[in-house]
Peer 1: 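Sharing a structure here in structure tokens format.
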Amino acid sequence: MLKILVIHGPNLQLLGEREVSVYGQVTLRQINEGLQKEAQKLGVSLQITQSNHEGEIVDRIGSAKRLFNGILINPAAYTHTSVAIRDALSASGLPAVEVHLSHIYKREDFRQHSMTAPACVAQVTGFGKDSYNLGLMGLVAYCSQQKPIKKVHSKRKAK
Ligand code: DQA
């Protein structure tokens, strides 16, 4: 069974009460419940974590290598600033998908650059809470393709 580490970055614990006009009324708890349902359908297991601290996120990514097959991450504000999280993602060697509730390329200039996305296999942005489920689906499809395929021995041709 594939194991996926889900990381929510800073201030996402405030979803539902924070800038509702941008992020909607959905809470982090609801997002996590939706992800667990999707994970069940996909037959994968999730470990979900949220942190407001850059170093803690770096540590979680750093210890993920042998424990997980992939990372689903919303680095939140660190998206736009964190060389440390980008380096941690690259160093992990794990496929990661970056997700955002809002459409970061339609917002303020400083949000229109992602420091972390180049260390990810893909980015999903702008679908609200659905960004998470879509990101998980994509990540699981990607990880499944990465699994070693059993060698099929073809029958020897009869002479
Ligand atoms: C966000 C977008 C970031 O720019 C912002 O700092 C967040 C949330 C999103 O999910 O839309 O905290 O990552």
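Whatever order the structure lists them in is the order used to number ligands and atoms, beginning at 1.
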Peer 1: Looking at R111, R107, E19, which hits side-chain hydrogen bond (donor to acceptor under 3.5 Å, both in side chains) with S102?
Peer 2: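 One option only clears the test, and that one is R107.
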Peer 1: Examine the side chains of H100 and Y132 and answer whether a donor and an acceptor come within less than 3.5 Å of each other.
Peer 2: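 There is no such pair between these side chains.
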Peer 1: Between the side chain of R86 and the main-chain N/O of A119, is any donor-acceptor distance below 3.5 Å?
Peer 2: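 Pair absent, no side-chain N/O of R86 close to backbone of A119.
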Peer 1: Going by side-chain heavy atoms closer than 4.5 Å, which hydrophobic residues are tied to F68, directly or by a chain of links?
Peer 2: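 Reading the cluster by chain and number, F68 sits alongside L5, I7, I57, V58, I61, L67, I71, I73, Y78, I85, L89, L94.
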Peer 1: One thing to verify: whether E33 and R29 come together as a salt bridge, which I'm taking to mean a side-chain N less than 4.0 angstrom from a carboxylate O.
Peer 2: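 A salt bridge is present here (some side-chain N lies under 4.0 Å from a carboxylate O).
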Peer 1: Do V99 and Q123 pass the side chain to side chain contact (heavy atoms under 4.5 Å, CB included) test, and can you show the C-alpha distance, the side-chain angles, and the key distance before you say yes or no?
Peer 2: CA-CA 6 Å; V99 300; Q123 185 195 56; over 6 Å; no
Peer 1: Who's touching ligand 1 if we go heavy atoms under 4.0 Å?
Peer 2: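 For ligand 1, the contacting residues are R18, Y23, N74, A76, A77, H80, H100, L101, S102, I104, R107, R111.
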